[in-house]
Each structure stands twice: as C-alpha cells, then as structure tokens.
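For reference, the structure is listed below as structure tokens.
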Amino acid sequence: MAKLLGSPKALSITILIAAVFVVSILGGALGNSLGFGFLSSSLPAIQLPAEIVVKGFDTPIGDWDLMNTMVTTWLAIIILTLVAIVVRRGISEVPGRLQALFELIMEFFLNLCESIAGPVNGRRFFPLVFTIFIFIVVANWMGILPGFGTVGRVADPAEIAHHHGVHHYADPAEHDAHQSASGHKKTSGKHSGHEDDHSGHLDSVNLHVFSGTGGLAILQPGSLSEELTFHDYEEAHGDVGDGKRAGHLVPFLRSANTDVNMTLAMALIAMVMVHYWGLSILGSITHLGKFINFKEGPIGFFVGILEIISEFAKIISFTFRLFGNIFAGEVLLMAMGFLLPMIGIIPFLGLELFVGVIQALIFSMLTLVFASMASVAHGSEEHH
Amino acid sequence: MDALGINLPGLITQIISFGILFFILSKLLYKPLVSLMDQRAEKIREGLEASDIAREQAARSEEVIQEQLAEARVEGQRLVVEARETAERFREEEMAKVRDDIEQERVRAEATIQRERDSAIEDLRKEFAGLAISAAEKVVRTSLDEDGHKDLIESVLEESTSGSK
C-alpha cells in the first residue's frame, strides 16, 4: 500500500477515485438527507407494466397502445436486420470479420443443437433457438444503454391518478385556473372531497418535478430535493415553481424484456413450436399419448395430467425468469444511480451485461432441451 | 393480469414482431450462412480425402520403385555372375586351345628335329664313309675294289654303332 501511494501517479489516481466517491455519496440520495443531493434525481416511478408512449386505438380485444417496450423491440429487430443485411451482402467463402463472428456464434449453437437433439432435429431446432438467443442478447444489452428509462415524456398527475385507479382526478393546476376565472369560493370544498375519496390510493405516490414544458423530458440531477407528494401538490394548488411541472417520467425506451408481453410472447412461440415439432416428429398419437394416457392404468393417466400441468408451468417459468431477471436489473441500475450517482452503477453495468447473456442462453437452451425432449417418445427413453 | 401489464393486443404485437424477426433472420442469415458453412466443411473434407489419396498413391509408387530397384539389383548381380562364368569358361577354352596348339607345335617340332637329325646322321655317315675311304686309300695305298671297301667300312660302322649302343 505504501509503495502504491509512493508513486505520484498512483497517488493522484487514488485521490481522484476517493474524491469522485465522496462527491457521489454527497450528491446522491444519502447526501440529500444532509442537504446536498445535487447529483441525484428522483427515483423514477417503477411499475411492472410497460409505459404507454402514444395512445393507440381501440380494438375488440382491448386498447392497442404504443408501449415503450414495443419501440425497443422494433429497434432491436431493425438493428438485427441491418446487421443481417450487412453480413448477407459481404458473404463469401473466405469470411470477413463480421461474418467470422457470426459464423463463430452460429457454429457454437449449431454444434450444441446437433449434440443435444441429433444432427437432423438439431438443424430443425437451430433457427428458433438462435433467434431467441440473439434477440434476447441484443434487447438486453440495448436496455443498459444511456437514454433507456431516463428520456421520455411527462405524465401529468391526472394520468398518474388514472393509473392508480382514480378515474376522475381534477388536476388542481388546471382546476384552479378555471376557478380563478369564475370565482374562488368553492375551491377548498371540492378539493377536500377528492382527498377524502382517494387519498388512500394516492398517498404513497410521489410526484417528480421537471423543468420546461416541451414533449421531451429527463430526470434532472438535483431534482430529488424537489420531489413532492400528491398531498403537497394539492396544497400548492398545482404550483411547483416557475416553468416547472410535476408528474412522472414516461421513458420512450425501456428494455424489451422488462415487459411481460414480450417474454410471454417468446415463451408461447417456443412452447408452440416445441409441440409442433413433437407432433410432426413423433406423430400426433405418440406425442399426445404422453399427455392423455389410458394405456398404463390410472397412474399413467395421472402422470399424463401432471405432464399437461408441467407444460403450462414451462410457459410461466420461461416468461417470469427472463422478465424477473431483466426487470430486477433495471431496478437495480436505477436504485444504484439514485444512491451513488456516477460510480455506483459501474459494477452493475458489467453484471447486467453478464445477466443479459446468461438469460438469453438459458432461454434458448431450455427451448432446445424441451424441443429435444418433445421429439423423443417416452417408451424409447426407458430403453436407453 | 393488468397489474403485470399483460394485455392481448400488446402480446399479439410482440408475437408478430418476433415472428417477423425470425423470418428475416432465417432468410437473410441462417440459410445462406449455414449452407456456406456446410459447403466449406464439405470442401475441407474433400481436400483432406484428396490429400489422403495422394499420400497413399505416393506410398504405393514408392513401394513399386523400391520393388523395381530390388529387382534390378538382383538382375544386375545375376548378370555379373553370369558374365564372370562366361569369362571363366572362355578363358579355360582359350587356355585349352593354346595348350593344344603348343602341344601340336611341339610334336611337329620334335618330328622335324628327328627328321633333321636323321638326315644329318645320314649325311654324316655318307661323309664319314667317303672320308674313311679316302683315308683308307691313303693309308693302305692299295687300290681295292671300291665296293669291297664300302662293305668293309659299312660293317665296321655297323659294329661301332651297335657297340656304342
């Protein structure tokens, strides 16, 4: 240690790191309670469902809205398509660097598929397995880029209240403006009525303060000290300062796999394809015989029922394993950015890169394993 | 379901999105790249097989060459032996011939010598008879019948030769 501090270069680096650490502690959420907190913004409102970027249209099966996870999904698809086009254009017997990289990854998966499912079935399963892997990796890694979860539009208090089940929330800012035009007398009465009805729903919700009134907003450094509750907001009659507004950030981009719809979609596709392969490789009687089994007596029948349940369990575990991991990662990054801005997030970025690959690998490998299991009849397993 | 954010339109949208991605990647990436990789693997396999065959052929031709060399060596040795035998035989034949020639020559020479000697002896005898006659003539001074003398001398000589023998 003494040797390390003896060199002027090492000493200055150590001091710099210590200084950054002190600044980040003081600027973060911990420093905020001491009256600093100049770096930290409010912890963004964390919600499980994806946020709506643009209101869509009604369909017979529900409202279709443009979600921020859809935007990310399409971005990932566009990126992969562009890469595929570049590779396709430069394809040659002697591979270039990009082609060699793809051949390396594809070779790995192709060998894996062939070793697990056999040469014929491996070739059959490979496209889906590889697509799942590459999409999840790209989507997960995109999710930790700057700008994800931090740039978006501002949802006003009425929209937030709507989200929390209060459907007729009167925004005091607009309400007061209306009232001041036609007289001031009934204002307080109306307000108290609202608070009595809905305070239970909205008490725990904090509002964040954004400057500017444009369509684009980010959580600003130091905005944590300006955070206020719904109650404060109503007390202040919607006035949070000059040129500022209260609300929640609705990010335009959010990691695609933090939406249950995305992971459920992939899980459904994977399991449907697994059973399609099971049906086409084994024939419908053999494959369905695993689930509806009258031949081996009541125990066989019961095992069949268990198999059916386990197939649904697979969909659910697929869905929530990926969703849970990636969503937790996002929350972790947000919380670390909130507690220790600048440096707290760095080790966790590495962790998220790792988790992103591992989850992609798990999803694709499980698809492959389920597919190869579905393509083998039960009886033949016992003969092995 | 609402609290989790599952809604049917969103789910269907994501299923379609993933399906589109699957379709695009299958068409653009997997099919061409996998077939390319297969082709390359096939090519490499063929190349390896071809090199195996070439190595085998080389080994086989090496063997053939060795065999031929061995054959040639044996043949050469056989030829050398044969040549040596031939030469030996030839030498012996020649020697025998030469020996015969020499023998014949010797025999002929001996015969000639015999003849020469005989004739010389004859001549000498004649000469000697003449000399003896003249000597006797001179000694006895008697003119005897020449034929009577001859007979006398002849008999003397006969005696002397038989006596010398």
Side-chain angles (χ1 to χ4, degrees), chain A residues 47-51 56-67 69-70 73-74 76-78 80-81 83-85 87-89 91-95 99 102-103 106-107 110 123 126-128 130-132 134-135 138 256 258-266 268-269 272-273 319-320 323, chain B residues 1-70:
Chain A
Q47 61 173 65
L48 284 179
E51 289 89 354
F57 45 84
D58 289 355
T59 61
I61 48 172
D63 294 350
W64 187 92
D65 302 309
L66 182 66
M67 303 290 191
T69 48
M70 283 181 197
T73 307
W74 295 338
I77 290 172
I78 289 167
L80 280 173
T81 308
V83 170
I85 288 171
V87 172
R88 180 75 186 84
R89 274 222 185 132
I91 202 163
S92 71
E93 191 86 27
V94 180
Q99 192 191 334
F102 267 85
E103 283 186 10
M106 284 172 64
E107 189 87 58
L110 207 56
R123 285 287 166 116
F126 168 76
L128 182 69
F130 190 72
T131 308
I132 286 175
I134 199 104
F135 173 74
V138 169
T258 59
D259 183 358
V260 185
N261 287 322
M262 185 69 239
T263 57
L264 183 61
M266 280 191 290
L268 285 175
I269 288 173
V272 166
M273 285 309 285
T319 308
F320 288 100
F323 168 75
Chain B
M1 293 298 236
D2 252 7
L4 282 173
I6 298 174
N7 60 335
L8 211 50
L11 181 64
I12 290 168
T13 309
Q14 301 292 47
I15 288 176
I16 292 169
S17 303
F18 190 83
I20 289 169
L21 177 70
F22 179 72
F23 180 76
I24 290 172
L25 289 186
S26 299
K27 277 270 173 286
L28 277 180
L29 207 55
Y30 308 150
K31 273 202 188 129
L33 221 53
V34 167
S35 71
L36 185 78
M37 278 151 66
D38 285 350
Q39 273 173 23
R40 193 184 299 136
E42 180 69 15
K43 226 174 230 181
I44 290 171
R45 210 172 50 75
E46 273 172 13
L48 285 177
E49 267 172 20
S51 78
D52 268 357
I53 289 169
R55 202 178 305 130
E56 229 167 69
Q57 267 177 349
R60 211 178 307 135
S61 58
E62 174 81 2
E63 229 167 67
V64 168
I65 286 168
Q66 285 297 339
E67 234 167 64
Q68 282 174 344
L69 267 178

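Letters A, B, ... mirror the listed sequences (proteins, then strands); counts begin at 1.
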| task | Measure the shortest side-chain to side-chain distance between A:I61 and B:P9 over non-hydrogen atoms and say whether it is less than 4.5 angstrom. | result | yes

| request: Name the region of A:F57, side chain, backbone, both or neither, that has any atom closer than 4.5 Å to a heavy atom of chain B. | output: neither

| note | Scored by heavy-atom pairs under 4.5 Å with chain B, the best of A:M67, A:E103, A:Q99 is A:E103

| message | If I measure from the heavy atoms of chain A, does B:K43 come under 4.5 Å with its side chain, its backbone, both, or neither? | response | side chain

| task | With a 4.5 angstrom heavy-atom cut-off, could you sort out which part of A:L268 is near chain B: side chain, backbone, both or neither? | result | side chain

| Measuring heavy-atom distances to chain A, does B:S26 have an atom under 4.5 Å in its side chain, in its backbone, in both, or in neither? | side chain

| request: Considering only heavy atoms and a distance below 4.5 Å, find which of B:I20, B:I12, B:D38 pairs most often with chain A. | output: B:D38

| Does A:E93 reach the side chain of B:L36, with side-chain heavy atoms less than 4.5 Å apart? | yes

| query | Under 4.5 Å between any side-chain heavy atoms of B:Q14 and A:T69, yes or no? | reply | yes

| query | Is there a side-chain contact between A:F130 and B:L25 (heavy atoms, below 4.5 Å)? | reply | no

| Between B:I15 and chain A, which part of the residue has a heavy atom less than 4.5 Å away: side chain, backbone, both or neither? | both

| said: What's the separation between atom CD in A:E107 and atom CE in B:M37, rounded to the nearest 0.5 Å? | reply: 4.0 Å

| task | Would you give the length of the straight line joining atom CG of B:L33 to atom CD1 of A:I91, rounded to the nearest 0.5 angstrom? | result | 4.5 Å

| said: If you define the side chain from C-beta out and look only at heavy atoms, does anything of B:F18 sit under 4.5 Å from A:I132? | reply: yes

| request: Working to the nearest 0.5 Å, report the span between CG of B:L8 and CG of A:N261. | output: 9.0 Å

| message | Could you check whether any side-chain heavy atom of A:M70 comes within less than 4.5 Å of a side-chain heavy atom of B:S17, counting everything from C-beta outward? | response | no

| Which of the residues B:V34, B:I24, B:T13, B:I16 is involved in the greatest number of heavy-atom pairs with chain A at under 4.5 angstrom? | B:T13

| request: Measure across B:R40 and A:P95 and return the closest heavy-atom pair with its distance rounded to 0.1 Å. | output: NH2-CD, 3.7 Å

| said: For the interface with chain B, which of A:G56, A:A256, A:A50, A:A84 has the highest count of heavy-atom pairs at distances below 4.5 Å? | reply: A:A84

| field | Region of A:D63 that comes under 4.5 Å of a non-hydrogen atom in chain B | value | backbone

| field | Value rounded to 0.5 Å, distance of OH in B:Y30 from CG in A:L110 | value | 11.5 Å

| remark: Of the listed A:I134, A:L80, A:T59, the one with the largest count of heavy-atom pairs under 4.5 Å with chain B is A:L80

| task | Let me know which of A:D259, A:L48, A:L264 forms a side-chain contact (heavy atoms from CB on, under 4.5 Å) with B:I6. | result | A:L264

